[in-house]
Amino acid sequence: MDRATPTPPRICPNCDGHASAAVTLGGRDRAGHLRTITAHCPACHGTGLRLVRTTTAGVHA
């Protein structure tokens with residue numbers, strides 16, 4: 001009996017796989033470090049991958 005193989009994840013089309021970026025807030029703290037925050041892609045939630053959903057219309061067990 002053949003098993004259905006899961007569809008491999010695809011690169012997110014919104015961020016092209018670059019899911020997180022360091023964004024500078026401008027200025028430095030007292031120790032001299034640049035203040036940054038991490039921004040994540042809202043479509044893939046910072047993973048860089050999108051799962052491909054397949055429809056199983058008409059398939060019955």
Side-chain angles (χ1 to χ4, degrees):
M1 201 173 204
D2 293 331
R3 292 186 187 176
T5 57
T7 307
R10 304 242 172 128
I11 294 176
C12 176
N14 294 357
C15 64
D16 288 330
H18 300 284
S20 297
V23 179
T24 182
L25 297 175
R28 296 184 180 266
D29 61 7
R30 291 183 184 185
H33 298 131
L34 190 62
R35 296 184 307 158
T36 60
I37 59 172
T38 304
H40 298 290
C41 173
C44 64
H45 304 290
T47 62
L49 302 173
R50 294 287 296 223
L51 296 177
V52 178
R53 295 182 184 213
T54 57
T55 58
T56 57
V59 176
H60 298 287

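We number each residue from 1, following the sequence as shown. These numbers come from a predicted model, not from an experiment.
- Listed here is the closest heavy atom pair of H40 and H45: CB-C, 4.4 Å.
- Residues L34 and L25 are members of separate hydrophobic clusters, defined by side-chain heavy-atom contacts under 4.5 angstrom among Ile, Leu, Val, Met, Phe, Trp and Tyr.
- With hydrogens and angles disregarded, no donor-acceptor distance shorter than 3.5 Å links the side chain of R50 to the backbone of N14.
- Around atom CG of L49, more than 12 heavy atoms belonging to other residues, nucleotides or ligands sit under 6.0 Å away.
- Annotation for G48 and C44: closest pair N-SG, 3.2 Å, computed over non-hydrogen atoms.
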